[in-house]
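Notes follow the structure.
Chain naming here is simple, since letters A, B, ... match the order of the sequence lines and numbering starts at 1 in each.
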Amino acid sequence: MRILLVEDDTGLQTSLSEILREAGYAVDVSGDGIEGLYYGEEFPIDLAIIDLGLPGMPGLELIRKLREQERQFPILILTARSEWQDKVEGLESGADDYLTKPFHPEELKARVGALLRRSAGHAQPVIELGPLKIDLAGQRVFKGEAEIELTTYEYKVFEYLLMHPGKVVTKTLLSEHIYEEDADRDSNVIEVFIGRLRRKIDPDGALNPIETLRGRGYRLNQQS
Amino acid sequence: MKTEGHQQRPISLRLRLVVLAVLLLTISLGLVGFALDAAFHRSSEAGLQARMESLVYLVLAASEVADDGTLTVDDDPGDPRLRQPGSGIYASVNGDKDQWASPSSMGVSPPELAQIQAGESSFLAPSSEPGFYSFQYGVSWELSGGQNLPLTVTILVDPRELEPEMQAFRVGLWKSLGATGVILVLAQLVLLTLGLRPLRRITQDISGIESGKIERLEDNYPRELEPLKRNLNHLLDTEKANQTRYRNALDSLAHSLKTPLSVIRSSLPADSSPKTVVIEDAVSDMQRLIATRLQRAAISTRRTMAKAVDVKTQVDRLVQSLARVYSQELINIDVIIDPGLAFYGEQRDLLELAGNLLDNACKYGAGQVRFSAQAIDPADHRAGISLTVEDNGPGIAEGEREKLLQRGVRGDERVDGHGLGLAIALEIVGAYNGEITIEQSDLGGAFINISLRP
């Protein structure tokens, strides 16, 4: 999942992007409203965290512009303004949630996870897929009672597919959403991740939760 | 400058002017009275002198002198008062050898005056010796022998003759002068009331500014008060600018502290080592201080002209916002507000108050929230509004309620959950002369009622 972080305080920028990367997200960082809008328009973003007091363009205007451009990804407002007047205005401009500074990093991760789940249509943080149980909040995958160990990138690929059930996901799309803008991408790597993921979650090939559509991409099979 | 321990209030303008006017009127009317009195006295004396002169002629006309110088005067020269003893008017004629006195002088024995030269006359006021007004007229009576006999006719008038006239005049004079004085003082009072009316108006307007009904002195005042109005408005503008500056400074301080606190928090290792806990606690303390102390300063600054804020519209905005934030949870918020209910205060304060209470109810309730609002006095919609927020959560234990409200007021104890939201709500309630009560809702959870009287 790829997150856009627009925050002008460099200290917070650094520590937040670290926390989010540790949590397994690809993070694009901008310290300026205009650049943030460009990223939001051009990159395949899954969620944006936007500070309201931004140079270049105020956060509220940035959110309004993104919504005008039909960008539907969830937006989490990050601000020092804790008054309800500001919260209401922020939410009315098109944001989905509101986090006031100073916040706990755990709270931020929980809100981000909840917003991503919500946008994928999952009300609960645990998704069941046949015998598989995926705890999105804890980023853990279980088969029955046994936990399946996944690497960060394997989990990222699986999570992205889970967030887009029944849809065809191309390799390019997958690599765009699990890597940041300036990362080296190789679509063959995606094939490797998919292969390893299949072996781990479905070693005997009975469930086939991830279908391969030749030449087009992959699709999460909900029936399995 | 030395200041006395006890300073007396200066005498009021009205009293000052009235006392001065009374003093001035007394002196000037008194002087006028004395002058008029003296003038009248002189003119009555002049009248008396003329009367006495004509009496002289009457007496002379009644006089007969024989050649031997014997004087015969008719006892009734033509004025009945000369015949009536003790009438106050006495006549006498003195020749060299003989003399005559009018019958009125019987038993009175008026003083004898020296003769005067023929052809002369003298009028004397009673201040001089005899104690009477006297008029003497010297004539030379031509006897048949060619001799001339000098005669002096004397008319004496008791000064009491003039008294009734003077008395009547004086009573009339002082009565009318007194009436004039009273009328002038009353007129002065009316003038003062009319003249000081603009001052009273400006006083009312200033208290209007104090209570937030008007923002500046905009009325037209008399030219003399314009400089005062200008200076007051200037003072108000300066004060407002200072307040805005102060508020903005506090506000930006409060907000700029939060980002570094976020950095500290997000840079802490995700463990529970003693160091992390200590730093985390310190950050929490600072966060709480900012939320209660610094931001409170911005709330409690004076409110200015309050426009009507539609309660339903604002609460609907809040409910929609909360629905977005709590969209994963199934929360049902019932809103019961009379349409058109208006809050005369800052929209920001209403949102903050209702937002905190609703947020608490969503957070601690079990999905059922009820928000109701109505006018405190349906007849006077400016009297204030009453807000109630209820939920179906565990509620607030009876013993906790008082403590929670007190804690909020002090804002210096560790507050969490219901506490912080309530602490902020209490600040606003305090700024609006409001009251807050916590009870048990029929929904099962907390029932928080707030009345605001802006």
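- Between A/Asp46 and A/Arg118 there is no salt bridge, since no side-chain N of the basic residue sits under 4.0 Å from a carboxylate O of the acidic one.
- Residues A/Arg117 and A/Met163 meet the side-chain proximity criterion, which asks for heavy atoms closer than 4.5 Å.
- With B/Leu268 as reference, B/Thr276 is the one residue of B/Val277, B/Thr276, B/Val283 to meet the side chain to side chain contact (heavy atoms under 4.5 Å, CB included) rule.
- Ranked by heavy-atom pairs under 4.5 Å with chain B, the list A/Glu18, A/His104, A/Glu106 is led by A/His104.
- Heavy atoms of B/Gln347 lying under 4.5 Å from chain A belong to its backbone as well as its side chain.
- At a 4.5 Å heavy-atom cutoff, the contact between A/Ile19 and chain B is made by side-chain atoms alone.
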ring-ring contact (aromatic ring centres under 6.0 Å, His included) between A/Phe103 and A/Tyr98, worked out: CA-CA 11 Å; A/Phe103 48 83; A/Tyr98 197 100; over 10 Å; no
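- Of the two parts of A/Ala114, the backbone and the side chain both hold a non-hydrogen atom closer than 4.5 Å to a non-hydrogen atom of chain B.
- Here A/Lys200 does not pair with A/Glu149 in a salt bridge; the nearest charged N to carboxylate O distance is not below 4.0 Å.
- If you measure heavy-atom distances from A/Pro102 to chain B, the contacts under 4.5 Å come from both the backbone and the side chain.
- With chain B as partner, the option from A/Leu108, A/Asp86, A/Thr79, A/Leu115 having the largest number of non-hydrogen pairs under 4.5 angstrom is A/Asp86.
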